[in-house]
Structures are given as structure tokens and as C-alpha cells.
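The block underneath contains the structure these notes are about, expressed in C-alpha cells.
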Amino acid sequence: MARIGRVGIVFAVLVLLILAVVGAIAFINSPQQVAQKWANALARRDEATLKKLVVAKDRDRVSSFIGFTKYLPDMSAQLAGIEDHQGQKIAKVTINFSQVALGNFNLKLNGSAQLPFVLVREMLILWRVDLEKSEPLISQEARKAVLEAIKKNPALQPLLQFLPQR
């Protein structure tokens with residue numbers, strides 16, 4: 001009888017240990033945690049970390065994605081929040097900048113953009129960024145941010161006539 005009690009205790013401890021590990025993994029990989037890691041890595045331009053946070057099919061996209069940051073030498077990024085759009089989790093990362101670098105030419109252009117990143121489940125409990133789904137949303141928001149920054153700079157407003165308004 002005592003042997004059955006010990007086996008039951010060992011079994012209960014193992015079950016609790018497994019639940020604790022699964023719970024810790026789920027917390028570390030929650031949408032909020034993954035989005036925060038994404039924003040921090042983007043601010044640091046940390047390609048290796050960004051590659052760990054995207055779905056497997058998008059790892060090759062990371063290099064070209066963060067390539068845009070070379071145009072924003074003083075860029076900062078921070079998580080603004082996570083929204084639920086028709087059952088899809090969207091992390092909103094605010095990008096702030098005060099200059100745009102075009103080759104050796106730096107242009108003072110204050111602006112910000114709230115870039116949306118689609119979060120998807122991978123392997124049941126892991127959340128990852130899906131760049132393929134995010135890119136059309138990001139392009140739209142980045143374009144709006146640049147137009148707004150140009151509108152705020154009187155010296156650059158003549159450029160607006162050459163840019164599409166849609």
C-alpha cells in the first residue's frame with residue numbers, strides 16, 4: 001500500500017513538473033512576449049533574434065526586411081500593443097525617426113509609423129511573426145508615415161506633387 005502511495009506522489013510530481021514547463025513555455029512564447037522581443041530586436045537591428053521570432057518560411061525574408069533600417073539611422077522601436085483583427089493577432093510596433101539617410105545624404109524628416117506585424121501560432125503553443133502576411137500592411141503604414149512626415153516639413157512639401165496620393 002505504501003508503495004502505491006509513493007508511485008502516486010511521484011506521478012503527481014511529474015505531472016505538475018510537466019504542466020509547469022508547458023506553462024513557462026506558453027508564457028515565454030505568448031503573443032505579448034514575442035511582440036515585445038520583436039520590437040526590442042528591431043530597435044537593435046538584431047537579425048539573429050528576429051530570425052528566431054519569425055515563422056520558419058520567413059527566415060530568409062528577415063535580412064531584406066531589416067534592410068529598410070539603414071535609411072533610418074536614428075530609428076527607435078517600441079511595442080504599442082496587440083490588437084485582435086477578426087481572430088488574427090496583430091502586434092503594433094511604433095517606429096520613430098528624425099532623419100532619413102539616402103546614401104551620403106541625410107535628410108531631416110521627423111516622423112513615426114505604427115507598423116503592424118501579424119502573429120501566428122506555430123507548433124500549437126509557439127507564437128511567431130509572419131512577415132509574408134505582414135508586408136502588405138507594413139508597406140501601407142510606412143507609406144502613410146512618410147507622406148505625413150513630408151507634409152509636416154514645409155521645405156519638402158513640393159515633393160508631394162510627385163508622389164501618388166493614394
Side-chain angles (χ1 to χ4, degrees), residues 25 27-123 125-166:
I25 290 170
F27 174 75
I28 290 169
N29 287 290
S30 70
Q32 183 71 29
Q33 294 296 319
V34 169
Q36 187 64 59
K37 289 176 193 174
W38 179 263
N40 294 343
L42 187 58
R44 293 188 317 268
R45 296 169 170 89
D46 182 350
E47 187 173 343
T49 299
L50 292 171
K51 283 184 176 184
K52 292 176 187 174
L53 295 171
V54 296
V55 292
K57 69 177 176 64
D58 285 344
R59 288 200 181 108
D60 292 337
R61 291 176 182 261
V62 171
S63 296
S64 61
F65 171 73
I66 65 168
F68 87 91
T69 64
K70 69 181 176 188
Y71 299 110
L72 305 172
D74 67 340
M75 176 192 88
S76 67
Q78 68 183 81
L79 181 62
I82 297 177
E83 297 176 0
D84 196 353
H85 288 268
Q86 301 166 347
Q88 190 171 45
K89 300 256 186 234
I90 308 281
K92 299 284 188 155
V93 176
T94 301
I95 304 291
N96 294 303
F97 56 92
S98 64
Q99 58 182 312
V100 175
L102 302 170
N104 292 332
F105 181 70
N106 277 355
L107 178 66
K108 277 210 161 293
L109 191 63
N110 289 317
S112 68
Q114 200 169 75
L115 302 181
F117 294 94
V118 177
L119 299 172
V120 296
R121 281 190 195 268
E122 193 175 65
M123 295 189 296
I125 62 170
L126 302 178
W127 285 90
R128 296 290 178 253
V129 173
D130 189 318
L131 283 179
E132 184 178 10
K133 290 181 180 178
S134 301
E135 284 174 352
L137 304 172
I138 292 167
S139 295
Q140 182 180 11
E141 290 303 316
R143 187 183 164 290
K144 280 197 274 187
V146 168
L147 286 175
E148 285 303 311
I150 290 172
K151 286 178 184 177
K152 290 178 186 176
N153 188 330
L156 298 175
Q157 287 183 358
L159 287 176
L160 291 173
Q161 67 183 335
F162 300 106
L163 300 172
Q165 296 302 310
R166 294 182 56 217

**OP:** Compare all side-chain heavy atoms of L119 with those of W38 and state whether any distance is below 4.5 angstrom.
**Re:** no
**OP:** Side-chain contact test, heavy atoms from C-beta onward, threshold under 4.5 Å: evaluate it for V55 versus W127 and give yes or no.
**Re:** no
**OP:** To the nearest 0.5 angstrom, please state how far the CG atom of L131 sits from the CZ atom of R59.
**Re:** 11.5 Å
Subject >> Distance, nearest 0.5 Å, that separates NZ of K144 from OG of S139 >> reply: 12.0 Å
Original post:
What are the two closest heavy atoms between P116 and L137, and how far apart are they?
Top reply: CG-CB, 3.4 Å
Original post:
Once you round to the nearest 0.5 Å, how far does CG of L42 lie from OG1 of T49?
Top reply: 11.5 Å
Subject >> Straight-line distance of L126 CG to R121 CZ, nearest 0.5 Å >> reply: 9.5 Å
**OP:** Might you point out which heavy atoms bring A39 and A77 nearest each other, and give the distance in Å?
**Re:** O-CB, 3.8 Å
**OP:** Answer with yes or no whether the side chains of Q88 and D84 bring together a donor and an acceptor at under 3.5 Å.
**Re:** no
Original post:
So how far is it from Q140 CD to L115 CG, rounded to the nearest 0.5 Å?
Top reply: 11.5 Å
Subject >> Point-to-point distance, once rounded to the nearest 0.5 Å, from NZ of K52 to NZ of K37 >> reply: 10.0 Å
Mind listing the side-chain donor-acceptor pairs of residues 61-69 below 3.5 Å, one per line with the distance, residues two or more places apart or on another chain?
unit_1 : atom_1 : unit_2 : atom_2 : d
R61    : NE     : D58    : OD1    : 3.2
R61    : NH1    : E135   : OE1    : 2.7
R61    : NH1    : E135   : OE2    : 3.4
S63    : OG     : E47    : OE2    : 2.2
S64    : OG     : R61    : O      : 3.1
T69    : OG1    : R45    : NE     : 3.2
T69    : OG1    : I66    : O      : 2.6

Original post:
Would you say the side chain of K57 lies within less than 4.5 Å of the side chain of D130, judging by non-hydrogen atoms?
Top reply: yes
Expected list for residues 92-106: side-chain donor-acceptor pairs under 3.5 angstrom, two or more places apart:
unit_1 : atom_1 : unit_2 : atom_2 : d
S98    : OG     : D74    : OD2    : 2.2
Q99    : OE1    : N106   : ND2    : 3.0

Original post:
Would K51 and D60 satisfy salt bridge (Lys or Arg N to Asp or Glu O under 4.0 Å), going step by step from the backbone distance to the final call?
Top reply: CA-CA 8 Å; K51 283 184 176 184; D60 292 337; 5.8 Å; no
Original post:
Which heavy atom of A43 sits nearest a heavy atom of M75, and at what distance?
Top reply: CA-CE, 4.3 Å
